[in-house]
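Reviewing the structure listed below.
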Number of protein chains: 2
Amino acid sequence: MTIADARPFAEPLDRLKRAGLRPTRQRLALTRLLFGRGDRHVSAEQLHAEAKAARFVVSLATVYNTLNQFTRAGLLREVVVEAGRSYFDTNTSDHHHVLTVATGSLTDIPVGTLAVSGVPKIPEGLEVERIDVVVRLRPRV
Amino acid sequence: MTIADARPFAEPLDRLKRAGLRPTRQRLALTRLLFGRGDRHVSAEQLHAEAKAARFVVSLATVYNTLNQFTRAGLLREVVVEAGRSYFDTNTSDHHHVLTVATGSLTDIPVGTLAVSGVPKIPEGLEVERIDVVVRLRPRV
DNA sequence: AACAATATTAGAATGGATCTAAAATATCTC
DNA sequence: GAGATATTTTAGATCCATTCTAATATTGTT
């Protein structure tokens, strides 16, 4: 039995408090959708549709606001795989991605699995924020 | 003395012919801008402005068409580093990128320098198209 | 030169994301 | 808990990169 099972409502609330964000109804509902069922990659439109499907109507502007605030607070990580659309990853630990180009589906690669070596010397005054790796898959010819 | 020096006009023309694209005035001019001075990363807007500055007026639509055709023909590679804007890389050989987030500037890492190991097993019917690596730099704190 | 095929273009349209400013809600102070 | 204050939410407008449209121009072929 996990903590989430034991206290189904306390967990989202704590998450917001720890991030220094007021626990409003909208943010709580979106938190449950985002973090309720394991790691996910969602776009703003997807999350907005999910909320609507769950009978919780939130404006699209609030979905965008929330995703951006969560990203700034370190609760989400933005993943850029194609120009023109942002995905948000609920897994903020160090890891990489596999993209199936044809379907747009995205899955995680734990950092232990894939390693990057030989990062070149970084100019003075700068440091590595992170290294994004996307393994792009296509149908075998 | 390089081939380009010896035959300044033949090289862009050959490049288009090899790609199976009609050598129109616009495509020749854009080819010279793109491939005339070593490896570059350009956005459509940048290239459009450059053409204008060089007294060669091309419509923005043509710049977009050309960049997309060149990418399909393998003359350019699209690099996605931030949602909402596309960059086109004149270096189509296997290599990676360093992004200085603050300035948006992008530089190449030759593939010999940086290595990725431990790519997970690929599902049946799919194969790796390529692996994109972006080393993101931020100001040191 | 004449014809068909392809390219270019201005401007409209699209679509994702952000902005605005007014109404709603949360938090703080007493 | 009431009232004052700060923060959020929202609908709709707006922005901006990119694509589309369909009319005109250019290119390649005979």
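As the structure is a computational prediction, the values presented were derived from the model and not from experiment. Residue numbers begin at 1 in each chain, while the letters A, B, ... track the order of the sequences. These numbers come from the heavy atoms of this one structure, side chains and all, not from hydrogens, waters or symmetry mates.
Contact check of residues 78-90 of chain B against DNA chain D (heavy atom, cut-off under 4.0 Å) returns B:Gly84, B:Arg85, B:Ser86. Of all the residues in residues 41-57 of chain A, A:Val57 reach under 4.0 Å from DNA chain D with at least one non-hydrogen atom.
Residue A:Gly20 is the one, among A:Gly20 and B:Arg25, whose nearest nucleotide of DNA chain D lies closer to the 5' end (criterion: closest heavy atom). Mapping A:Val63 and B:Arg22 onto DNA chain D by nearest heavy atom places A:Val63 closer to the 5' end of the strand.
Taking the 5' to 3' direction, DNA chain D first and last meets chain A under 4.0 angstrom from a heavy atom at D:dA6 to D:dA11. Taking 4.0 Å as the cutoff to heavy atoms of chain B, we find the contact window on DNA chain C bounded by C:dA5 to C:dA10.
Rounded to 10 degrees, the angle separating the terminal axes of the helix from C:dA1-D:dT30 to C:dC30-D:dG1 is 30°, with each axis obtained from five end pairs.
Hydrophobic clustering keeps A:Val80 apart from B:Val101 (ILVMFWY residues linked when any side-chain heavy atoms are closer than 4.5 Å, directly or through intermediates). In the hydrophobic clustering of ILVMFWY residues, with side-chain heavy atoms under 4.5 Å counting as a link, B:Val81 and B:Val135 come out apart. Note on B:Ile131: it clusters hydrophobically with A:Val128, by side-chain heavy-atom contacts below 4.5 Å among ILVMFWY residues. Following chains of ILVMFWY side-chain contacts shorter than 4.5 Å, one can reach A:Leu21 starting from A:Leu28, so the two form part of one hydrophobic cluster. A:Leu13 and A:Phe56 fall within the same hydrophobic cluster, where Ile, Leu, Val, Met, Phe, Trp and Tyr residues are linked whenever their side-chain heavy atoms come under 4.5 Å apart, directly or through other members.
No donor-acceptor pair under 3.5 Å is formed between the side chain of A:Thr100 and the backbone N or O of A:Thr103. Looking only at distances, a side-chain donor or acceptor of B:Arg27 sits under 3.5 Å from a matching main-chain atom of B:Arg22.
Put simply, the residue from B:Asn68, B:Asp89, B:Leu34, B:Val42 that forms a side chain to side chain contact (heavy atoms under 4.5 Å, CB included) with B:Leu76 is B:Leu34.
Across all non-hydrogen atoms, the minimal contact from B:Ala83 to A:Glu78 is CB-OE2, 4.5 Å.
A:Phe35 carries A:Arg15 over the face of its six-membered ring, with the cationic atom under 6.0 Å from the centre and within 45° of the normal.
Across all strands shown, B:Asn68 has heavy atoms under 4.0 Å from sugar-phosphate atoms exclusively, and none from any base. Using a 4.0 Å heavy-atom cutoff across all strands shown, A:Thr24 reaches sugar-phosphate atoms only and no base atom.
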Check against side chain to side chain contact (heavy atoms under 4.5 Å, CB included), A:His95 and A:Arg77
CA-CA 11 Å; A:His95 70 284; A:Arg77 170 171 147 186; 3.7 Å; yes

Salt bridge (charged side-chain N to carboxylate O under 4.0 Å, His left out) evaluation trace for B:Arg40 with B:Asp108:
CA-CA 9 Å; B:Arg40 335 188 33 194; B:Asp108 287 354; over 6 Å; no

Could you walk me through whether B:Thr90 and B:Phe70 pass side chain to side chain contact (heavy atoms under 4.5 Å, CB included), step by step?
CA-CA 10 Å; B:Thr90 59; B:Phe70 281 18; over 6 Å; no

Using the side chain to side chain contact (heavy atoms under 4.5 Å, CB included) rule, take B:Leu99 and B:Leu137 through it: C-alpha gap first, then chi angles, then the decisive distance, then the call.
CA-CA 6 Å; B:Leu99 172 72; B:Leu137 303 184; over 6 Å; no

Which atom pairs, donor and acceptor, lie under 3.5 Å between side-chain atoms of residues 109-127 of chain A and protein residues at least two apart or in another chain?
from     : atom 1 : to       : atom 2 : distance (Å)
A:Glu127 : OE2    : B:Arg138 : NE     : 3.1

